[in-house]
Amino acid sequence: MQTRLWSLGVFLVAIGIAAHVVGWDTLLWIPRTILDSLIWVPAALIDTITTSPATFGVIALGVALMIVARLRGHRRD
């Protein structure tokens with residue numbers, strides 16, 4: 001327990017120093033960018049499904065066949 005508290009303390013001190021040097025906005029820019037990227041992918045998928053369901057179906061079927069082929073290939077080895 002003592003080492004966990006020590007590690008957490010070191011982490012918080014490092015974050016505090018980094019925030020002081022570059023500012024909170026700059027420091028939090030990376031997590032915001034990652035979250036925006038993660039939200040963009042499902043939104044793009046939903047947009048593709050609604051605008052062109054046939055294309056999405058063909059792509060999904062292709063991905064499913066590739067996964068099945070990969071799984072069957074690993075079982076033989």
Item to complete: Report the hydrophobic cluster partners of Ile46, with the cluster defined as I, L, V, M, F, W, Y residues connected by side-chain heavy atoms closer than 4.5 angstrom, directly or transitively.
Response: none
Item to complete: Check which hydrophobic residues are tied to Trp6 through side-chain heavy-atom contacts below 4.5 Å, counting indirect links as well, and list them.
Response: Val10
Fill in: Verdict with supporting geometry, Trp29 and Val22, side-chain contact (heavy atoms from CB on, under 4.5 Å)
CA-CA 11 Å; Trp29 174 79; Val22 298; over 6 Å; no
Show me the side-chain donor-acceptor pairs of residues 51-63 shorter than 3.5 Å, one per line, residues at least two apart or across chains.
unit_1 : atom_1 : unit_2 : atom_2 : d
Thr51  : OG1    : Asp47  : O      : 2.8
Ser52  : OG     : Thr55  : OG1    : 2.7

Worksheet entry | Check: Leu8 and Arg4 side chains under 4.5 Å, non-hydrogen atoms | no
Side-chain heavy atoms nearer than 4.5 Å, only ILVMFWY residues, links allowed to pass through others: does that put [X] and [Y] together?
X	Y	answer
Val21	Val13	yes
Trp40	Leu35	no
Leu45	Leu38	no

Discussion item. Would you compute the distance between atom OG of Ser7 and atom CD of Gln2 and round it to the nearest 0.5 angstrom?
Written reply: 10.5 Å
Discussion item. Quick check for you: to the nearest 0.5 Å, what is the distance between Thr33 atom OG1 and Leu28 atom CG?
Written reply: 10.5 Å
Fill in: Shortest non-hydrogen separation from Pro31 to Leu27 and the atoms involved
CD-O, 3.7 Å
